Amino acid sequence: MSLKDFPEIRRNVILKNYCTFRVGGPADYFYSARDFESFLNVLKAAKKENISVFILGGGSNVLFLDEGFRGLVVKMEMVKIEVKDEILIAEAGATWLSLLKTAEKADLSGLEEMNGLPGTLGGAVYGNAGCFGKETAQLVESALLYDPSSGKTKKVSRDYFNFRYRWSRLKETHEIVLRVTLKLKNQHFESKKSDTSPRRYGMRGEKYEGAHSADATCLRAKNQPLGFSSGCFFKNPSPWQSAGLLIDQCGLKGLQINGAQISPKHGNFFINTGTATAHDLLSLRDQVKKSVFDRFQISLEEEVIVVKNTP
Ligand code: EPU
């Protein structure tokens with residue numbers, strides 16, 4: 001089969017509509033994957049035709065280029081979630097919002113800190129997303145993966161991922177998350193702000209282990225900006241150094257290149273004020289990297305995935 005045999009694959013789809021940065025030109029092919037079988041058939045066809053594939057979750061941690069993507073973008077829209085005792089079994093396209101709602105309904109605890117985290121479960125596993133002291137790694141029990149190079153699926157347990165800060169081994173193997181088993185606790189879902197002493201909003205959120213759902217929402221509103229952004233642009237260089245603070249100390253908050261701005265609220269958030277191009281955002285990135293290196297001799301690394309074309 002060839003990609004032409006799938007009528008649901010669209011051509012020249014503008015990618016800015018599929019990422020929270022709202023930038024990016026056309027993808028040659030675009031496919032919304034809603035069931036495993038057709039998804040696997042589409043991937044096999046793309047492989048046979050030697051077409052590059054980019055797997056897209058919620059689009060909250062990607063930067064598409066203005067020239068777009070020469071290949072096939074597959075948007076994971078498999079979203080089923082099942083509850084079994086203390087376990088959630090969720091497909092890769094499930095959003096954190098839907099996972100939280102399911103946990104709250106089943107009165108299971110463990111996801112509260114993730115309240116407000118954008119994106120999908122598949123993307124979160126791939127990049128070990130986290131906030132307020134919780135990382136996806138702490139929740140994953142096992143997962144079903146697809147390996148495009150062998151065309152096979154396999155079930156793996158948490159250890160397989162070698163999770164580290166904003167990293168999983170999938171970044172090297174390029175295997176695709178299909179389904180994830182999350183282990184929660186049979187304790188009450190904590191939706192309300194606790195009445196204990198106020199929590200300090202500190203580096204990497206370590207103090208927030210056990211933060212309640214409402215706490216996460218309040219802290220996010222207080223410290224993080226709204227607008228078209230991808231969350232933190234850079235990884236923190238170490239557990240005791242915040243990229244946002246380093247950028248702030250360089251006096252860069254509010255700096256703007258055309259429509260791309262460093263948030264005046266948080267130095268590690270780049271904002272598309274409405275008219276930014278990917279080029280503007282990348283120019284801002286370069287300027288920030290240079291300033292932080294010149295001042296602190298620290299090379300910041302992107303957390304955001306810049307979706308490049310293979311030469
Ligand atoms: N700070 C400043 N100025 C700034 C930014 C931060 O002074 O412009 C200070 C803060 O006041 C705080 C410290 O630097 O004392 C650390 O900042 P913050 O608490 O905002 O945490 P962060 O390290 O910048 C990390 C994650 C966020 C996550 C928050 C809360 C990374 C790159 N970022 O931010 O994740 O929401 O902790 O847990 O690890 C993301 O990954 O996209 C993301 C937003």
Side-chain angles (χ1 to χ4, degrees), residues 19-21 57-63 95-97 100 111-139 163-168 171 198-256 261-272 281 284-285 287-289 291-292 295-296 298-306:
C19 66
T20 54
F21 254 142
S60 59
N61 206 30
V62 295
L63 175 51
T95 61
W96 283 106
L97 184 62
L100 267 134
L111 297 183
E112 289 86 341
E113 299 90 335
M114 303 313 216
N115 195 356
L117 197 70
T120 57
L121 183 56
V125 171
Y126 175 85
N128 191 17
C131 50
F132 308 119
K134 194 62 152 294
E135 289 187 329
T136 308
Q138 292 162 259
L139 299 162
F163 284 119
R164 297 203 294 266
Y165 168 64
R166 298 294 192 269
W167 193 89
S168 82
K171 291 197 172 188
R199 292 172 165 81
R200 196 174 68 82
Y201 184 50
M203 184 71 184
R204 291 281 311 279
E206 291 90 336
K207 299 274 183 213
Y208 294 97
E209 184 57 54
H212 296 181
S213 203
D215 292 346
T217 316
C218 289
L219 291 167
R220 212 177 275 286
K222 184 165 167 266
N223 296 293
Q224 300 183 357
L226 296 170
F228 298 144
S229 98
S230 65
C232 285
F233 196 92
F234 297 104
K235 294 182 200 165
N236 286 338
S238 71
W240 54 91
Q241 282 174 313
S242 158
L245 179 57
L246 296 174
I247 296 166
D248 193 356
Q249 286 170 340
C250 288
L252 295 173
K253 284 206 306 201
L255 176 74
Q256 193 149 345
Q261 185 199 46
I262 299 178
S263 164
K265 197 166 179 181
H266 193 297
N268 202 6
F269 278 66
F270 288 12
I271 308 284
N272 172 3
L281 289 161
L284 206 53
R285 170 198 68 178
Q287 196 161 329
V288 167
K289 283 179 94 155
S291 299
V292 170
R295 170 114 189 241
F296 300 107
I298 292 174
S299 298
L300 291 179
E301 271 179 43
E302 288 88 340
E303 178 184 314
V304 169
I305 297 161
V306 181

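Worth saying up front: this structure is predicted, and the values here are computed from it rather than measured. Indexing begins at 1, ligand by ligand and atom by atom, following the structure's order.
The main-chain N or O of Lys235 is never found under 3.5 Å from a side-chain atom of Tyr165 such that the two would form a donor-acceptor pair. When atom types are taken as modelled, the side chain of Thr136 and the backbone of Val125 share no donor-acceptor pair closer than 3.5 angstrom. Looking at Arg166, its side chain does come within 3.5 Å of a backbone N or O of Gly130 through a donor-acceptor pair. In terms of modelled atom types and a separation under 3.5 Å, the side chain of Asn128 and the main chain of Ser168 share no donor-acceptor contact.
With salt bridges taken as basic N to acidic carboxylate O contacts below 4.0 Å, none links Glu135 and Arg164.
Near Gly244, with a cut-off below 4.0 Å to any heavy atom, the atoms of ligand 1 are 4 (C), 5 (C), 8 (O).
Counting heavy atoms under 4.0 Å from ligand 1, residue Asn223 does not touch it at all.
Between Phe270 and Phe233, the two ring planes are parallel [angle under 30°; tilted spans 30° to 60°].
A heavy-atom separation below 4.0 Å is found between Phe269 and ligand 1. Heavy atoms of Gln249 stay at 4.0 angstrom or farther from ligand 1.
Within the set Lys253, Glu113, Gln224, the minimum heavy-atom distance to atom 29 (C) of ligand 1 is found for Gln224. Proximity annotation for atom 2 (C) of ligand 1: of Leu300, Asp248, Val304, Asp248 comes nearest, heavy atoms only. Nearest to atom 18 (P) of ligand 1 by heavy-atom distance, out of Lys134, Lys265, Gln241, His266, is His266. Closest heavy-atom approach to atom 44 (C) of ligand 1 within the set Cys232, Gly231, Pro237: this belongs to Cys232.
Of the polar atoms of Phe234, none of the N or O atoms is found under 3.5 Å from an N or O of ligand 1, judged by distance alone.
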For this session: Check the pair Gln138, Phe163 against side chain to side chain contact (heavy atoms under 4.5 Å, CB included), reporting the backbone distance first and the verdict last.
Result: CA-CA 9 Å; Gln138 292 162 259; Phe163 284 119; over 6 Å; no

